[in-house]
S.K.: 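This structure is in structure tokens; I'll ask about it shortly.
Just the heavy atoms: all of them, side chains too, but no hydrogens, waters or symmetry mates, feed the values below.
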2 protein chains.
Amino acid sequence: MSKAELKKVSDTKITKFVKKGEAIFSEGEKLNGVYCVRDGVSKLSKLSPNGKDQIVKLATQGAVLGQRSVIAQETSNLSAVAVKDMEVCFIPKDIIEETLSSNPDFAVEVLRHMAHDLKEADDVIVNMSQKTVKQRVAEAFIYLRDNFGEDKEGYLSLTLSREDIANVVGTATESAIRIISDFKKLGLIKTSGKMIGIYDEKRLIEMAKGH
Amino acid sequence: MSKAELKKVSDTKITKFVKKGEAIFSEGEKLNGVYCVRDGVSKLSKLSPNGKDQIVKLATQGAVLGQRSVIAQETSNLSAVAVKDMEVCFIPKDIIEETLSSNPDFAVEVLRHMAHDLKEADDVIVNMSQKTVKQRVAEAFIYLRDNFGEDKEGYLSLTLSREDIANVVGTATESAIRIISDFKKLGLIKTSGKMIGIYDEKRLIEMAKGH
DNA sequence: CGAGGAATTGACACTATTCAAAAACTGTGG
DNA sequence: CCACAGTTTTTGAATAGTGTCAATTCCTCG
């Protein structure tokens, strides 16, 4: 973006704080702008017909929420709820649209970003359909560590409830719990309250591949 | 696109015919352009680590293949294979890139298109993770009819092998076969060779919702 | 300390994959 | 036109993987 555009954006942006558990927007809602994540983590989920919530993506610092819906000029197909206290800034739709149509570089940049998201979505589809729940749980832990890090004691920095883990993996909460319990018994992970830490990364990765 | 641009595209485009079963491009291949589907149908699939092919999308007339990879400047994450004799036209990467950066309207149009694909991918993720194989098979038949139509005898115009059906649904071939056989016994569908026709749409839709 | 939600566990029904074998179909060369 | 070889489609039976429901136990917060 040019300097003038950047200025316009920073003039109009509104910073918002969202507490863990609170929604930024919900499925079906009409969005009149996008939200940039400055801090914290949000889950993007979609309610399935059977009443369960499928988490499609976890978004953290640097991610932009609502982009897809604003560009497609549709209501949101996902809900965004904070899983860790957040600070987001809001950018009105008008600015996005205007910048898109006046600045090809910006459009291409957004395009690249969306192309990347699409590839990730394809990968998730393959994972969901071709891997067992056990493999997906193992994968989820690796993913959580790689994307959100771990504290000095080796526990994952992003702590999700067992239900959220199940919703990321796409399974029943009890199934996820049982597998976590198995992993612990096998010495692959350690737990402390709802916190989870990776013990034996190597074997966990093996597990994710199916062994 | 402007007239001049359109002309440039039609000057450089190369028409290609692809027979059923032949590949247009494969996973990991570097694409130096995109393919527009003028006729026929292609499956876009990704090989999973366990050796099975997951069909992510079926593309027909009007669809553009390879767009994502060209835009992201990456090798293709999917393979494209014809499931029905095809006619495609090739548009070199250079032209795409140039048009993207010079014509904001074109970029926005592509963006909208990709936003739509992304939403569809989200829906597929939810279906894969939250529905049973039986529901997904039922859904697949409805999808095939809605998108590819049926002949005068009521058989689906797009005939896929049982294996392809299983790969769309994300299950073992035998599982898909068994479910198809069940549906037939229940009077929901009829078959003739590998052709499949929908008998009782209403109950099939119920089935897709899970009853 | 008590209430209410979260996490865990057991038992059981149901779903789906796997391996093996039989039957049906397809194209080819005699 | 038929027989053969190679696929694809079907079916069976055994096994493994998941989901559901109900009952406890744990935790956390007011």
S.K.: Gln135(B) CD to dA16(C) C1': how many Å, rounded?
M.R.: 14 Å
S.K.: Write down the distance between CD1 (Ile179(B)) and P (dT15(C)), rounded to a whole number of angstrom.
M.R.: 10 Å
S.K.: Can you check whether Ser175(A) has a side-chain N or O nearer than 4.0 Å to OP1 or OP2 of dG19(D)?
M.R.: yes
S.K.: Both Ser129(A) and Leu160(A) contact DNA chain C. Taking the nearest nucleotide for each, which residue is further toward the 5' end?
M.R.: Leu160(A)
S.K.: Over how many whole Å does the gap from Ile180(A) atom CD1 to dT9(C) atom C1' extend?
M.R.: 14 Å
S.K.: Establish, for the pair Lys16(A) and Tyr35(A), whether the NZ or CZ atom is under 6.0 angstrom from the six-membered ring centre and no further than 45 degrees off its axis.
M.R.: no
S.K.: Is the shortest side-chain N/O distance from Lys52(A) to OP1 or OP2 of dT20(D) below 4.0 Å?
M.R.: yes
S.K.: May I ask you to say whether Lys46(A) pairs ionically with Asp123(B), meaning some side-chain N is under 4.0 Å from a carboxylate O?
M.R.: yes
S.K.: Are Lys30(A) and Glu74(A) within salt-bridge range, i.e. N to O under 4.0 Å?
M.R.: no
S.K.: In the structure I gave you, are the side-chain heavy atoms of Gln130(A) and Gln135(A) within less than 4.5 Å of one another anywhere?
M.R.: no
S.K.: Between the side-chain atoms of Arg178(A) and the base atoms of dG19(D), is any donor-acceptor pair under 3.5 Å?
M.R.: no
S.K.: I want to confirm an ordering. Mapping Gly193(A) and Thr171(A) to their closest nucleotides on DNA chain D, which one lands closer to the 5' end?
M.R.: Thr171(A)
S.K.: What is the distance, rounded to the nearest whole Å, between atom NZ of Lys131(A) and atom P of dG17(D)?
M.R.: 16 Å
S.K.: Nearest-Å distance, CD1 (Ile177(B)) to P (dT10(D))?
M.R.: 5 Å
S.K.: Which nucleotide in the set dA7(C), dG17(D), dG19(D) lies at the smallest distance from any side-chain heavy atom of Ser161(A)?
M.R.: dA7(C)
S.K.: In this structure, how many angstroms lie between the P atom of dG17(D) and the CE atom of Met207(A), rounded?
M.R.: 11 Å
S.K.: From NZ of Lys134(B) over to C1' of dT18(D), roughly how many Å is that when rounded to an integer?
M.R.: 15 Å
S.K.: Under a 3.5 Å distance rule, please check whether Arg203(A) uses its side chain to pair with a backbone N or O of Leu186(A) as donor and acceptor.
M.R.: yes
S.K.: Whole angstroms only, please: what is the CG-C1' distance between Asp164(A) and dA7(C)?
M.R.: 14 Å
S.K.: Between dG19(D), dT9(D), dT18(C), which nucleotide has the shortest distance from any of its atoms to the side chain of Arg162(B)?
M.R.: dT9(D)
S.K.: Between dT9(D) and Lys194(B), is there an OP1 or OP2 to side-chain N/O distance shorter than 4.0 Å?
M.R.: yes
